[in-house]
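A quick write-up on the structure given underneath.
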Amino acid sequence: MARITAGVATSHIPAVGAAIDLGKSHEAYWQPVFAGYEFSKRWMAEHKPDVVILVYNDHASAFSLEMIPTFAIGCAESFAPADEGWGPRPVPVVEGHPELAWHIAQSTILDEFDMTIVNRMDVDHGLTVPMSLMFGQAPAWPCRVIPLAVNVVQYPPPSGNRCWNLGKAIRKAVASFDQDLNVMVWGTGGMSHQLQGPRAGLINKEFDTRFLDRLTTDPEGLAQIPHLEYVREAGSEGIELVMWLIMRGALSPDAREVYRFYHVPASNTAVGHIIFENPR
Ligand code: DHB
Ligand code: FE
């Protein structure tokens, strides 16, 4: 049977991707950011997933205001890096896992989550930057990836509680998949940031620290935070953090925090990163 072994959350800042692609990761500004992922790359090499269910948001690369799925699961064979205005990032094409993706689509839809099934989709920095941070620069990504896109761009995004419950439905779906696979679930985006308006540049270290603490110790309570609180405390783009609750819901309640990293600033964003292992 497939099993979820671990969960990872990380910010997905596009400038981090550019720093990697342009060979700037050793510059003084970026060095502390990348230093925070050294442990993670070693840990990832030791824990080699077969498949990553990568929860992220599209930033008007694959979708636009013409079509806004709340939850969309990528069932394709592969997903190309999106052109985000400066051309696609020079990273490998993402290989999917159609069989497991369709199984998750079936299981979650029958569990009353109205997933959108996507058979063609390009993937932007929301997905490719976490891949680069966790795997480094590689000629090919070392595992399959199932992209799970969540609308956190156009109001109304799903609630934290809905995301938490979707995570639990994904846990159930993976546990009933009849192949021996090491599956990880990643949640991306965040932490506090606001890109526009009078509060552009907002960072809230207290909120972020408490979010990380509660993600470990009280995820069910954390899932009750309403949208207004995210926007007020973590900025308009801080709402991306609801995606971390899908990851956490997919793990066992007593998953163990094995690593945490927090750094300000990177671009306009507080960088947050956390790794959980499920009990064996
Ligand atoms: C930035 C952060 C994001 O999450 C994003 O999607 C775009 C830009 C930033 O910090 O600049
Ligand atoms: Fe973003």
Side-chain angles (χ1 to χ4, degrees), residues 8-22 24-25 27 29-34 36-37 54-65 68-72 74 79 81-89 91 94 121-134 147-158 160 163 186-205 207-208 211-212 227 230-231 233-247 261-274:
V8 171
T10 176
S11 307
H12 64 209
I13 308 142
V16 163
I20 296 169
D21 302 340
L22 300 172
K24 295 183 171 189
S25 52
E27 290 183 0
Y29 180 84
W30 289 113
Q31 210 287 324
V33 176
F34 290 101
Y37 289 84
L54 205 156
V55 182
Y56 77 110
N57 67 293
D58 177 73
H59 303 73
S61 304
F63 305 118
S64 68
L65 291 180
I68 308 165
T70 300
F71 298 117
F79 306 89
D83 185 339
E84 303 183 46
W86 285 272
R89 288 190 63 214
V91 290
V94 172
M121 179 163 72
D122 292 346
V123 287
D124 71 12
H125 67 268
L127 184 143
T128 64
V129 167
M131 291 291 285
S132 297
L133 284 170
M134 298 305 291
L148 202 170
V150 179
N151 167 41
V152 288
V153 169
Q154 173 62 47
Y155 192 84
C163 290
W186 296 7
T188 69
M191 294 197 88
S192 56
H193 63 303
Q194 173 147 343
L195 301 178
Q196 60 230 304
R199 296 202 311 161
L202 177 144
I203 302 282
N204 186 341
K205 185 173 179 196
F207 176 91
D208 290 340
F211 190 93
L212 289 162
H227 288 147
Y230 283 101
V231 174
E233 300 298 326
S236 50
E237 277 69 39
I239 191 70
E240 290 179 343
L241 284 167
V242 294
M243 296 186 288
W244 293 28
L245 288 163
I246 298 179
M247 174 279 287
F261 173 61
Y262 186 77
H263 175 81
V264 176
S267 190
N268 304 293
T269 311
V271 182
H273 172 38
I274 194 163

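Just so you know, these numbers use all the heavy atoms, side chains as well, and skip hydrogens, waters and symmetry mates. Every number for a ligand or one of its atoms is a count from 1 in the order of the listing.
- When hydrogens are left out, the protein atom nearest atom 6 (O) of ligand 1 is H59 NE2, 2.7 Å; that is the closest non-hydrogen contact.
- When non-hydrogen atoms are compared, ligand 1 lies under 4.0 Å from the side chain of P14 (C-beta onward) but not from its backbone.
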Which pairs of donor and acceptor atoms, one on a side chain in residues 9-16, lie under 3.5 Å apart (sequence neighbours left out)?
residue	atom	partner	partner atom	Å
T10	OG1	Y37	OH	2.7
S11	OG	G190	O	3.0
S11	OG	A270	O	3.4
S11	OG	G272	N	2.9
S11	OG	G272	O	3.4
H12	NE2	H59	NE2	3.2
H12	NE2	E240	OE1	3.3
H12	NE2	E240	OE2	3.2

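- Taking both residues in full, the closest heavy atoms of F34 and L133 are given as CE2-CD2, 3.9 Å, listed atom of the first, atom of the second, then distance.
- In this structure, the side chain of Q154 does not engage the main chain of I68 through any donor-acceptor pair within 3.5 Å.
- The option from E84, Q194, H193 that lies nearest to atom 4 (O) of ligand 1, judged by heavy atoms, is H193.
- Looking at W244, its side chain does come within 3.5 Å of a backbone N or O of G189 through a donor-acceptor pair.
- When atom types are taken as modelled, the side chain of Q194 and the backbone of L202 share no donor-acceptor pair closer than 3.5 angstrom.
- Around the Fe ion (ligand 2), the protein atoms of type N, O or S found under 2.8 Å away are H12 NE2, H59 NE2, E240 OE2, listed by chain and number.
- Put simply, the side chain of N57 never gets that close to the backbone of V152: no donor and acceptor are under 3.5 Å apart.
- Close approach of ligand 1 to T269 is summarised as follows: ligand atoms under 4.0 Å from at least one heavy atom of the residue are 1 (C), 2 (C), 9 (C), 10 (O).
- Between the side chain of D124 and the main chain of A82, no donor-acceptor pair closer than 3.5 Å is present.
- The heavy atom nearest to atom 11 (O) of ligand 1, considering only G126, S267, G189, is found in S267.
- When atom types are taken as modelled, the side chain of T188 and the backbone of V55 share a donor-acceptor pair closer than 3.5 angstrom.
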